Trainee: 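Before I ask anything, here is the structure I am working with.
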Amino acid sequence: MRFMARFDPIFQTALDHMAQQHTRRVLHPMRHVGAANVVRNGRTLINFSSNDYLGLAHHPALAARAAAWLAEDGTGAGASRLVTGTSTRHMAVEARLAAFKGTQAALLLASGWQANASVLAALLRLAAGQGAPPLVFADRLNHASLHQGCMAAGVRQLRFRHNDLDHLESLLGHHAQTPGMRVIVTESVFSMDGDQTDIARLAAIARQYGAFTYVDEAHATGVLGPQGRGLCAGHDIDLVMGTFSKALGGFGAFVTGTRALCDWLVNACSGFVFTTAPPPAVLGAMDAALELLPTLDAERARLVRNADHIRGVIRDCGLSPAPSMTQIIPIMLGEAPRALAFAAHLEERGILATAIRPPTVPPGSSRIRLALGAAHTDGMIDQLATAIPAALREST
Ligand SMILES: Cc1ncc(COP(=O)(O)O)c(C=O)c1O
């Protein structure tokens with residue numbers, strides 16, 4: 001075997017620099033055991049780092065429909081949706097999704113990252129063609145894929161303080177006379193802090209300033225809102241983006257909005273046009289998850305109860321769960337080495353709860369990100385509640 005290693009010194013220097021900064025990442029092989037456990041380094045751990053919030057990734061209904069659609073239609077879609085890739089399955093899942101979200105239309109995309117990076121880029125390029133550069137008002141802690149969409153369109157963002165709608169309003173007011181289409185880009189549940197945007201107020205502000213609203217519901221879909229329809233359900237939000245990769249237990253993403261918006265994206269969004277359509281097994285899991293969601297109120301209530309309890313445990317230790325209001329609960333620890341040590345102590349106690357460090361979060365805000373799931377038993381929640389104060393004692 002021949003290896004081309006000529007450029008390795010460049011890569012190695014970059015890796016060494018990351019290691020010095022405590023930000024180098026490595027891949028840890030593991031195996032899922034049911035919805036709530038993983039085996040890592042030969043040990044069974046309780047998984048508190050999965051976004052499979054409803055345990056659907058291991059639900060038999062999803063596995064059965066994925067297997068049935070795969071058996072009927074094969075492993076791959078064969079082409080882009082615009083070439084020969086659109087099946088009646090794609091149309092049926094989109095129709096089910098639009099009905100679930102209460103919108104005119106829906107469009108499936110390959111992944112959440114790809115959706116934000118390409119849908120937002122297309123939208124901002126269209127906005128730029130309306131006579132003046134668009135004004136993009138973006139939450140300071142928006143997900144990397146939303147930044148990517150803005151960067152791909154070459155647009156400078158006007159950042160408002162995290163989840164601070166007063167600041168958003170004052171920026172809109174400040175730019176009231178500046179020409180250009182206004183686009184507000186935010187998340188309904190923030191992936192690293194677990195806090196929620198006040199969507200009713202966001203919609204009212206957008207209406208007042210004539211702004212287009214783009215809201216990422218990756219972490220709310222399935223979990224929050226009536227029957228898990230998300231926090232934007234029932235509000236005037238122009239474009240809602242969501243994923244099937246988290247509470248819906250599968251893979252892929254979507255946007256919902258008007259028929260004209262979705263028809264335009266079919267023509268203008270490079271991440272839709274120039275990629276192969278989602279394959280049958282993935283569609284089957286999507287379809288079954290959408291069918292199940294309205295029946296999962298007990299699971300959603302369990303998440304709320306357990307999250308309240310764990311936030312109480314964190315506060316009782318003198319630590320901060322930041323402004324978490326959802327199943328995503330950070331334990332704020334400051335510098336990366338402290339977060340890494342805390343994660344190691346939790347792991348010794350059978351808990352997998354990954355440390356999140358810059359650049360995923362701002363410098364000085366390294367944390368453990370706990371993600372609760374409906375599949376966690378009372379015993380598992382008790383084990384976590386005991387492990388947190390113990391890890392704190394051992395790491396100070
Ligand atoms: C807020 C947010 N948007 C988008 C994504 C990307 O979604 P996906 O994992 O489906 O690519 C994520 C997941 O990391 C996310 O947290």
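In listed order, ligands and their atoms are each counted from 1. Please read all numbers here as calculations on a predicted model, not as lab measurements.
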Trainee: Give the numbers and elements of all ligand 1 atoms closer than 4.0 Å to a heavy atom of Trp113.
Mentor: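 It comes down to these atoms of ligand 1: 6 (C), 7 (O), 8 (P), 11 (O).
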
Trainee: For a quick check under 3.5 Å, do Ser188 and Glu217 share a side-chain donor-acceptor pair by atom type?
Mentor: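 Note: Ser188 and Glu217 side chains meet the donor-acceptor criterion.
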
Trainee: Tell me which part of Gln114 gets within contact of ligand 1: side chain, backbone, both or neither, using heavy atoms under 4.0 Å.
Mentor: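 Contact part for Gln114 vs ligand 1: neither.
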
Trainee: What part of Leu146, side chain, backbone, both or neither, has a heavy atom within less than 4.0 angstrom of ligand 1?
Mentor: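 Neither; nothing of Leu146 gets under 4.0 Å from ligand 1.
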
Trainee: Write out the residue and atom name of the closest protein heavy atom to atom 13 (C) of ligand 1, then the distance separating them to 0.1 Å.
Mentor: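 Among all protein heavy atoms, the one nearest atom 13 (C) of ligand 1 is Lys246 NZ, 2.6 Å.
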
Trainee: Which residue supplies the protein heavy atom nearest to atom 4 (C) of ligand 1, what is that atom called, and how far is it?
Mentor: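 Minimum-distance protein heavy atom for atom 4 (C) of ligand 1 reads Asp216 OD2, 3.5 Å.
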
Trainee: Which ligand 1 atoms are under 4.0 Å away from a heavy-atom of Ser245?
Mentor: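 Near Ser245, the atoms of ligand 1 are 8 (P), 9 (O), 10 (O).
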
Trainee: Between Leu346 and Phe48, is any pair of side-chain heavy atoms under 4.5 Å apart?
Mentor: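 Heavy-atom side-chain distance check fails, nothing below 4.5 Å.
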
Trainee: To which protein heavy atom is atom 12 (C) of ligand 1 closest, and what is the distance rounded to 0.1 Å?
Mentor: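 In this structure, atom 12 (C) of ligand 1 has His143 NE2, 3.3 Å as its nearest protein heavy atom.
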
Trainee: Output the list of atoms in ligand 1 that are nearer than 4.0 Å to some heavy atom of His219, sorted by atom number.
Mentor: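 So the answer, numbered in order with elements, is 1 (C), 15 (C), 16 (O).
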
Trainee: Based purely on interatomic distance, does Thr243 place a nitrogen or oxygen under 3.5 Å from a nitrogen or oxygen of ligand 1?
Mentor: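 Checking ligand 1 against Thr243, no N or O pair falls under 3.5 Å apart.
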
Trainee: Which ligand 1 atoms are under 4.0 Å away from a heavy-atom of Gly112?
Mentor: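 By the 4.0 Å cutoff, the relevant atoms are 6 (C), 7 (O), 8 (P), 10 (O), 11 (O).
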
Trainee: Look at the side-chain heavy atoms of Ile, Leu, Val, Met, Phe, Trp and Tyr, link any pair under 4.5 Å apart, and say whether Ile329 and Leu352 land in one connected group.
Mentor: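 No, Ile329 and Leu352 fall in different hydrophobic clusters.
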
Trainee: Step through the shown structure and confirm whether more than 12 heavy atoms of other residues, nucleotides or ligands are within 6.0 Å of OH on Tyr209.
Mentor: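 Yes, enclosed.
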
Trainee: Would His22 and Glu335 count as having a side-chain donor-acceptor pair, cut-off 3.5 Å?
Mentor: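 There is no such pair (donor and acceptor under 3.5 Å, judged by atom type) between the side chains of His22 and Glu335.
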
Trainee: Give yes or no for whether the N/O distance cutoff of 3.5 Å, strictly under, is met between Gly252 and ligand 1.
Mentor: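 So ligand 1 has no N or O lying under 3.5 Å from an N or O of Gly252.
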
Trainee: State which residues pass side chain to side chain donor-acceptor pair (under 3.5 Å) with Ser87; sequence neighbours excluded, sorted by chain then number.
Mentor: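 Applying side chain to side chain donor-acceptor pair (under 3.5 Å) to Ser87 gives His90.
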
Trainee: With atoms numbered from 1 as shown, which atoms in ligand 1 lie under 4.0 angstrom from a non-hydrogen atom of Asn116?
Mentor: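 Near Asn116, the atoms of ligand 1 are 3 (N), 4 (C).
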
Trainee: Below 4.5 Å, heavy atoms only, C-beta onward: do Leu108 and Leu283 meet side chain to side chain?
Mentor: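 In contact.
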
Trainee: What atoms of ligand 1 come closer than 4.0 angstrom to any heavy atom of Ser191?
Mentor: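 Those qualifying, in numeric order: 16 (O).
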
Trainee: Hey, does Glu187 come in under 3.5 Å of ligand 1, counting only N/O atoms on both sides?
Mentor: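 No; every N/O pair is 3.5 Å or more apart.
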
Trainee: Do Leu202 and Val215 have side-chain heavy atoms sitting under 4.5 Å apart?
Mentor: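 A side-chain contact exists here, since the closest heavy-atom pair is under 4.5 Å.
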
Trainee: Between Asp287 and Arg89 (salt bridge meaning N to carboxylate O under 4.0 Å), is one present in this structure?
Mentor: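 So Asp287 does not pair with Arg89 through a salt bridge.
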
